[in-house]
Amino acid sequence: MKIFTTKKETENYFANKGQKITGFVATMGALHQGHISLIKQAQQSTDEVTCSIFVNPTQFTDPKDLEKYPRPIAADIAMLEQAGCDVLFNPPVNEMYDDNEKWHLNLGDLEHLLEGKFRPGHYQGVTQVVYKLFNIVKPDFAFFGQKDYQQVLVVNKMIELLNMPVKLVMCPIERENDGLAMSSRNIHLTPFDRENALILSKALNWAKNNFDSNNIPAIQQQAQQMISSQPGVELEYLEIADGQTLHTATSETKNIVALVAARVGKTRLIDNMLFDW
Ligand code: PAF
C-alpha cells in the first residue's frame, strides 16, 4: 500500500491515473469491520481504492470529543494492508487547513435537523473536509456507510451543489452479532454500556417490525419510550423520517428511515434502519 501524507504527492499520484476507475473511502481512523466492508465494496466496483485517515477538527462540536477520539494508526495501517487497500492518505492537520479558513455551504434543513440540532456546525465541518479530500484524491466513486445516514444525504447535497464529478455509493451498516452497529466509538463503552447500547438496534427493529403508516407518531413514541426506560441510556432523538428530507414521516411517505442518537454512559452513539426501501 502506498502511504501519502502530503497533498502534493497525493495530487501528483492521481494526476496520472489514466483510465483507472478509482474508489475512495474517507475515514477518521480507528478502523473496524464497518470500514473494511466499505473498502471491500469499493474493490468490487473500481480498479484502485484509496482510504483517507484524518481526524477532522472542524467537524467536532466538543473539543473533549476531538481530544479523546481514538488514533490507533499502526493498527489501522495493518488492517488496510490486510484488506488490500491500494493507497492511504494520512495527512497532518496543517496539511489540510490554513489558519482562519472560512467555509459555508447552504445545506438547507439537512444541516439543522436531528444530528444538526445536537452538533451545530458538524455538517459544515464534514463538507469542508470531504470537499478537500475529493479534490485531492479525485475519485470516481466514494463509498460512505449508511450508519451516518444524514452525512450521506449532506455529502450528496454538496456534490450536487458544487457539481462535483464523483458518485456517492451508500453501503449497508455492519453490525455485531447481537445487533450493535459497528462504530469507532464502541471501544469507549464499558461492559455495562455495551449491554445497554443494544436497546438502540432493538428499538429500531421493533419500530420496523411494528410499522404501520397510519400510526407513525404512536410507533415513534413507543420506540422512544423503550430507549428512555433503559438504565444508563439518555435518548437524544428517535425519529421516523422521510429518507430524502429527514422531515417527520407521514402516512404518504414512501422511503422511510428511523434514526436514533443516544448517550450510552459517556459515549454518544447513532444508528438507523431503512423501512420499505
Ligand atoms: O464519517 C466519517 O468518519 C467522517 O465524517 C468523514 C466522512 C471521514 C469526514 O471527516
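Atoms within each ligand, like the ligands themselves, are counted from 1 in listed order.
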_Less than 3.5 Å apart, any donor N or O on the side chain of K17 or T22 sitting next to an acceptor on the other?_
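Per modelled atom types, K17 and T22 side chains form a pair under 3.5 Å.
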Under 4.0 Å from a heavy atom of [X]: which atoms of ligand 1 are those, numbered in the order shown and with their elements?
X: T27; value: 8 (C)
X: F144; value: 7 (C)
X: A26; value: 8 (C)
X: V129; value: 9 (C), 10 (O)

_L162-L133 co-clustered via ILVMFWY side chain contacts under 4.5 Å_ =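 Yes, it is one cluster - the side chains of L162 and L133 are joined through contacts under 4.5 Å.
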*Heavy atoms from other residues, nucleotides or ligands near CD of E101 exceed 12 (cutoff 6.0 Å)*: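 Counting neighbours around CD of E101, more than 12 heavy atoms of other residues, nucleotides or ligands fall under 6.0 Å, so yes.
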*asked:* By the salt bridge (Lys or Arg N to Asp or Glu O under 4.0 Å) test, which pairs, at least two apart or in different chains, include something from residues 37-56?
replied: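 Qualifying pairs, neighbours excluded: K20-E48.
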Looking only at protein heavy atoms, identify the closest one to [atom] and say how far it is in Å.
atom: atom 4 (C) of ligand 1; answer: Q59 NE2, 3.6 Å
atom: atom 3 (O) of ligand 1; answer: M28 CG, 3.6 Å
atom: atom 7 (C) of ligand 1; answer: Q151 NE2, 3.5 Å

*Inter-residue atom distance I173.CD1 - D271.CG, 0.5 Å rounding*: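 Interatomic distance, I173 CD1 to D271 CG, rounded to 0.5 Å: 5.0 Å.
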*Who else is in the cluster with M182 when I, L, V, M, F, W and Y are joined by side-chain contacts under 4.5 Å?*
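Members alongside M182: none; it stands by itself.
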